[in-house]
Amino acid sequence: VIPGWFSEISPMWPGEAHSLKVEKVLFQGKSDYQNVMVFQSSTYGKVLVLDGVIQLTERDECAYQEMITHLPLCSIPNPKKVLVIGGGDGGVLREVARHPTVEQIDICEIDKMVVDVSKQFFPDVAVGYEDPRVNLHIGDGVAFLKAVPEGTYDAVIVDSSDPIGPAQELFEKPFFQSVAKALRPGGVVCTQAESIWLHMHIIEDIVANCRHIFKGSVNYAWTTVPTYPSGVIGFMLCSTEGTAVDFKHPVNPIDDSKSDRPLKFYNSEIHEAAFCLPSFAKKVIEGK
Ligand SMILES: NCCCN[C@H]1CC[C@H](N)CC1
């Protein structure tokens, strides 16, 4: 370990580790589920780390939060009821709240410490909790979804950590089945789907599961997040049987012209570009 540096070492990305220079550790705690740490970095603002894995930095969180939210919500004409699984930092809530047609935003986060730490150290991310449409549930997303009546939501966003730790079940078939049941016909789900450079096998399994379960569209999109391993992160975009959803062509553009916090990353061109895959990934994901 180099003094004054944080290195993201994990068996999920063997032989490599992204490092950030540490100015000051601001919080260290252990919740019922994981180790939670916040540090002030030299060049990426404050950083949230769970079990040694970077979850977000102030400098580049916009890329992930905007893409995981607007890729699904800009692909359907009239999202009203949205469910967020995970996402305890509040960033996805902040982005969902940009959609005026949305009437109800439910969030189920397993770890209350993540919510409290985000409100204390990342106010511009946790601002999402201030929207009156938000209902916070502290609990396991798997159990939450089992209790949801069939066809409740227009969109579900699974903003999870990685399959090692509390989020493990969010990558398994039964969970995807419970998401499909909770969605209305033509409803959409967007999940955090790892890196095409590091996790093609995980992605292959997720795509196979989704093709069995979601009878509408099944697409993989990706974007750049400098502080995630390999500098990229992907998303599974799926829709249930019903009104066709063409994820590659947004039908519901965002108007942020009157917003006091305009979009920093997402736009309709980058929406379309996100679905363009390198050949090694296209072969596995689209079977071409
Ligand atoms: N809402 C915070 C983002 C959580 N998603 C991250 C994706 C990349 C992973 N290595 C860590 C979690």
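As a basis for the values below, the full set of heavy atoms in this structure was taken, side chains included, without hydrogen atoms, waters or symmetry mates. Order of appearance sets the numbers: ligands from 1, and atoms from 1 within every ligand.
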Are there any protein N or O atoms under 3.5 Å from the N or O atoms of ligand 1? List them with distances, or say none.
unit_1, atom_1, unit_2, atom_2, d
ligand 1, 1 (N), D89, OD2, 2.7
ligand 1, 1 (N), D159, OD1, 3.0
ligand 1, 1 (N), D159, OD2, 2.8
ligand 1, 5 (N), Y64, OH, 3.3
ligand 1, 5 (N), S160, O, 3.1
ligand 1, 10 (N), D162, OD1, 3.2
ligand 1, 10 (N), D162, OD2, 2.9

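Although no hydrogens or angles enter the test, the distance criterion places a donor-acceptor pair under 3.5 Å between the side chain of E66 and the main chain of K264. Formation of a donor-acceptor pair under 3.5 Å by the N252 side chain with backbone atoms of L73 is found in this model.
One hydrophobic cluster, built from ILVMFWY side chains closer than 4.5 Å, holds both I254 and I68. Taking hydrophobic clusters as Ile, Leu, Val, Met, Phe, Trp and Tyr residues chained together by side-chain heavy-atom distances below 4.5 Å, L56 does not share a cluster with V115.
Between W5 and F39, a ring centre-to-centre spacing not shorter than 6.0 Å is recorded.
Taking the side-chain contact (heavy atoms from CB on, under 4.5 Å) definition, one finds that E130 meets it with V127, sequence neighbours left out.
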